[in-house]
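Following: one structure in structure tokens, then a few remarks.
In what follows, every chain begins at residue 1, and chains take the letters A, B, ... in the order their sequences are listed. Because the structure is predicted, anything quoted here is derived from the model rather than measured.
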Amino acid sequence: MTIVKLGYVAMSVELQNCSPSQTMTFKQFQAIKDREAAIRKLERIAISNLENCLRLLKHSVANDITFFRFSSRLIPLANHPELSDWKYLKSLKEPLKALSEYIQANSMRVDFHPDHFVLLNTTNKDTLNNSIKTLSMHEALLRGMGVDPEHRCVLHVGGAYEDKGKALEQFIHNWGLLPRSLQALIMLENDDTTFTLNDTLYLCEKLGIPLVFDYHHHLANFENEDDWETHWERVVGTWEHSPLPIKMHISSPRNEKEFRAHADHIDPAMFNRFLQKIKGTVPEIHCMIEAKKKDEALFKLSEDLRGMEGIKMMNQASFMLE
DNA sequence: GTCGGTCAAGTCGAT
DNA sequence: ATCGACTTGACCGAC
């Protein structure tokens, strides 16, 4: 028997005026003559983003969802070089505390997917330093929310730089330059153009990093289409020392031509075929729904799965495979 | 109210 | 060479 929990990403298509990713560009920041006033505006935006996150969590819990990925754009310009003197955490204490209380009270699993500028296998020093800075921000936010930062940020391996083998070894080299607290944050995901499941497993096993399997990416980028089945036990093995249950990403191709793009919703038949293959291999698995329609896609998937062969619904966002 | 252009950051594939 | 996509837009000004 395996318990499956569904989560969704960053924002709701149902809640109005609830963006957790409101922003201010550097250009807009500079246009405000009074720098202190401009910083206060940044802080107002960040506070509003965090308050909207709390609304999103409440909306989620009201619908049985306890698994959620935060936007990584909560604090506009947080790591901009011209704003290195801005101590943004100071102004965010209260909204972070409110999130902390709600997350604990409802035993939520929350995490991040830092954006694609975070590259751990780059040979460019500045890019690596900026990546470290961005990861540190994520760690600080997690601590502010009272969440143990271990395995809360999923990243891609990075760029191929015209030599994938060399790029993998560069990752290992750079890993040694990361502070331990940041190493602990990280999970790695197979990507849809460069680093396959097999490539990613190589790093995860060598460095002790949990692997977040993305089935859609695998279908877009594989050595053998079915090899995920032979590698599945290895994927499970990368979670052996994690305090959290294994997690994976679920999405469906938009269409044949735009195969890599996310569809509005999830194809339930394909998802169930996948689930029936992994049934019983783990006691619990958390599936992050990556679909254009966000929470609506989760609710629709849940409806579609109800009554399907081998599925026993527990509530709107979790079910048993039996 | 809707549409098009714009906005910090890196890399890749498509054109 | 340039552009859009990526993992998740949002905002502003023109109409």
Per atom distances to the A:Asn79 side chain, the nearest of B:dA8, C:dT8, B:dG13 is B:dA8

Qualifying residues under salt bridge (charged side-chain N to carboxylate O under 4.0 Å, His left out), relative to A:Glu258, sequence neighbours excluded: A:Arg254

Starting at atom CG of A:Asp191, determine the distance to atom P of B:dC12, rounded to an integer number of angstrom. 10 Å

For A:Thr194, what residues pass the side-chain hydrogen bond (donor to acceptor under 3.5 Å, both in side chains) criterion, not counting sequence neighbours? none

Touch check for A:His217, heavy atoms < 4.0 angstrom, all strands: base, sugar-phosphate only, or nothing? sugar-phosphate

Which ones in residues 252-263 of chain A lie close to DNA chain C, meaning a heavy atom under 4.0 Å from one of its atoms? A:Ala261, A:His262

Please step through side-chain hydrogen bond (donor to acceptor under 3.5 Å, both in side chains) for the pair A:Tyr215 and A:Ser251, ending with a clear verdict. CA-CA 8 Å; A:Tyr215 184 47; A:Ser251 50; over 6 Å; no

Taking atom P in both B:dG5 and C:dG4, compute the distance separating them and give it to the nearest angstrom. 10 Å

A:Phe117 has a side chain; which of B:dG10, C:dT8, B:dC12 sits nearest to it? B:dG10

C:dC3 to B:dC7 separation - P atoms, rounded to the nearest Å: 13 Å

Which pairs with one or both residues in residues 119-161 of chain A pass ring-ring contact (aromatic ring centres under 6.0 Å, His included), sequence neighbours excluded? A:Phe112-A:His138, A:His113-A:His156, A:His156-A:His217

What integer distance in Å separates A:Phe171:CZ from B:dG10:C1'? 16 Å

Rounded interatomic separation in angstrom, taking CD from A:Gln30 and C1' from B:dA8: 11 Å

Under the rule for side-chain hydrogen bond (donor to acceptor under 3.5 Å, both in side chains), what residues qualify as partners of A:Asn174, not counting sequence neighbours? A:Gln170

Applying side-chain hydrogen bond (donor to acceptor under 3.5 Å, both in side chains), name anything that partners A:Ser12, two or more places apart in sequence or on another chain. A:Asp295

In this structure, how many angstroms lie between the C1' atom of C:dT8 and the CZ atom of A:Phe70, rounded? 14 Å

May I have the step-by-step check of ring pair (Phe, Tyr, Trp, His ring centres under 6.0 Å) for A:Phe274 and A:Trp228, ending in yes or no? CA-CA 11 Å; A:Phe274 175 88; A:Trp228 76 267; 4.7 Å; yes

Touch class at under 4.0 angstrom, heavy-atom based, for A:Lys292 against every strand present: sugar-phosphate

A:Glu162 CD - B:dC12 P separation (whole Å): 8 Å

Name each donor-acceptor pair under 3.5 Å that joins a side chain in residues 51-58 of chain A to protein atoms two or more places apart or in another chain, with its distance.
unit_1	atom_1	unit_2	atom_2	d
A:Asn52	ND2	A:Ser19	O	2.7
A:Arg55	NH1	A:Asn17	O	3.1
A:Arg55	NH2	A:Gln16	O	3.4

Interatomic distance, A:Asp111 CG vs C:dT8 P [rounded to whole Å]: 13 Å

Contacts under 3.5 Å, N or O only, protein and nucleotides 10-12 of chain C:
unit_1	atom_1	unit_2	atom_2	d
C:dA10	OP1	A:Ser19	OG	2.6
C:dC11	O3'	A:Gln28	NE2	3.4

Just how far, in rounded Å, is P of C:dG9 from CG of A:Asn49? 14 Å

Any salt bridge between A:Lys292 and A:Asp264, counting N to O under 4.0 Å? no

Describe the nucleic acid contact of A:Asp115 in one word from base, sugar-phosphate, nothing, applying a heavy-atom distance below 4.0 Å. base

What residues 150-160 of chain A contributes to the DNA chain B interface at heavy-atom separation below 4.0 Å is A:Gly159, A:Ala160

For A:Pro20 against A:Ala10, the heavy-atom pair lying closest together: CG-O, 3.0 Å

A:Ser302 side chain to A:Gln316 backbone, donor-acceptor under 3.5 Å: yes

Identify all pairs in which a protein N or O lies below 3.5 Å from an N or O of nucleotides 2-6 of chain B, and state each distance.
none

Of the nucleotides C:dT8, B:dA8, B:dG10, which has the atom closest to the A:Thr25 side chain? B:dA8

For the residue pair A:Thr196 / A:Asp199, report whether a side-chain donor-acceptor contact shorter than 3.5 Å exists. yes

Secondary structure string for DNA chain C (Watson-Crick or G-U under 3.5 angstrom, | for other-strand pairs): ||||||..|||||||

Describe, in one word, how the ring planes of A:Phe70 and A:Phe68 are oriented to each other, choosing from parallel (under 30°), tilted (30 to 60°) and perpendicular (over 60°). perpendicular

If you measure only the distance, is there a donor-acceptor pair under 3.5 Å linking the side chains of A:Glu296 and A:His265? yes

Decide if atom NZ of A:Lys312 counts as having more than 12 heavy atoms of other residues, nucleotides or ligands within a radius under 6.0 Å. no

In this structure, how many angstroms lie between the P atom of C:dT8 and the CD atom of A:Glu296, rounded? 15 Å

C1' spacing across the pair C:dA5 / B:dA9, given as an integer number of angstrom: 15 Å

C:dG13 and B:dA8: how far apart are their P atoms, nearest whole angstrom? 15 Å

Is the shortest side-chain N to carboxylate O distance from A:Asp85 to A:Arg35 below 4.0 Å? yes

Using a heavy-atom cut-off of under 4.0 Å over every strand shown, decide if A:Asn124 touches base, sugar-phosphate, or nothing. nothing

Residues in side chain to side chain contact (heavy atoms under 4.5 Å, CB included) with A:Glu229, at least two apart? A:Asp226, A:Lys277

Assess, by modelled atom type and distance only, whether the side chains of A:Gln22 and A:Ser48 contain a donor and an acceptor separated by less than 3.5 Å. yes

